[in-house]
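Remarks on the structure that follows.
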There are 2 protein chains.
Amino acid sequence: MDCENTRLTQQRKVVLEELKKTTAHPTADELYEVVRKRLPNISLGTVYRNLEILSACGEILKLDLGEGKKRFDARMDPHYHLRCTQCGRVFDIPYVPLDKEIEERLQGVNHFKVTGIQIHFDGICEECLKKMN
Amino acid sequence: MDCENTRLTQQRKVVLEELKKTTAHPTADELYEVVRKRLPNISLGTVYRNLEILSACGEILKLDLGEGKKRFDARMDPHYHLRCTQCGRVFDIPYVPLDKEIEERLQGVNHFKVTGIQIHFDGICEECLKKMN
DNA sequence: ATATTTATTGATAAAAGTTACTAATAAAAA
DNA sequence: TTTTTATTAGTAACTTTTATCAATAAATAT
């Protein structure tokens, strides 16, 4: 992916701006609906294309929480994600530096070169916990 | 999901048997091709349906490694998975009991009830490492 | 400023993976 | 054996994502 010869179009700008405004980890389709309020003629394909480019160029994160669709996140500092099995929302979880330790512990037990670790959590959010009691 | 009133059909039996034979973590489609050799008239939908039922009833694992398609595994003892970014194959990684420790460390830093942890690894397998040197 | 180059767009179709539907079948119970 | 109903094959439909392509607009050169 060539991130040098990239142009800051209105569409790409608005997609990135709207993603930065939210903490909801929207899907491409959800973000499309939001962006459409500012750019009514934008197409869903353009949203997909820009999310792909932005994530490939390290400007945003593409998340796969096993839902059969991808989510996106403009927050780039280290953190984890928890998906509430009750309401389906995705929340940020503070980062505790486990990755390094996990890598260390895995040394010697296999013949692979580990290059990345994917971790996320399932659980029940505060709001849903209250509703249950 | 009602796992009591379940019938051991030839199709379900063969799907489970063939999955147990392999360590390749096949997709539904890949397993369909294998099962078809024994049951030429089985349909892809039946393979999907049975994999769904078997995993819902805790007989097999459904894996999502972020590829946009699910994989299945009949190995039920605790272990992790590594996907080789070079050849795309999925390998088993010995289990080191991280889950409990991770859960402990996450206590107090959030307001969620964590019910599950999804961990998998990206890397390069032994075979691909050799080819690179 | 203006012209040129080419990355990007909107619109649409198509691909890939998965689920839903239905009459017919077969596994378990009576 | 008969009855009940979970399951099947075949197919359509659905969801998410990617590809195609002529038209457009952002950056660069003139």
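Lettering follows sequence order; numbering is per chain, from 1.
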Can the SG atoms of B:C57 and B:C3 be said to lie under 2.5 Å from each other? yes
Minimum heavy-atom separation for B:Y32 to B:L44, with atom names? CE1-N, 3.4 Å
In terms of the angle between their ring planes, are A:H25 and A:H79 parallel, tilted or perpendicular, with boundaries placed at 30° and 60°? tilted
In whole angstrom, what separates A:K13's NZ from C:dT8's C1'? 16 Å
What is the distance from NZ of A:K69 to P of D:dT16, rounded to the nearest Å? 5 Å
Distance check needed: D:dA6 P versus B:L54 CG, whole Å only. 17 Å
What nitrogen or oxygen pairs link the protein and nucleotides 22-27 of chain C at under 3.5 Å?
from, atom 1, to, atom 2, distance (Å)
C:dA27, N3, B:R7, NH1, 3.0

Counting only side-chain nitrogens and oxygens, does B:N50 get under 4.0 Å of the OP1 or OP2 atom of D:dT8? yes
What integer distance in Å separates A:Y48:OH from D:dT20:P? 18 Å
Atom CG of B:L44 and atom C1' of D:dT8 are separated, to the nearest Å, by 14 Å
Using a strict cut-off of less than 4.0 Å between a Lys/Arg side-chain nitrogen and an Asp/Glu carboxylate oxygen, indicate whether B:R49 and B:E52 qualify as a salt bridge. no
CG of A:L39 versus P of C:dA11: gap in Å, rounded? 12 Å
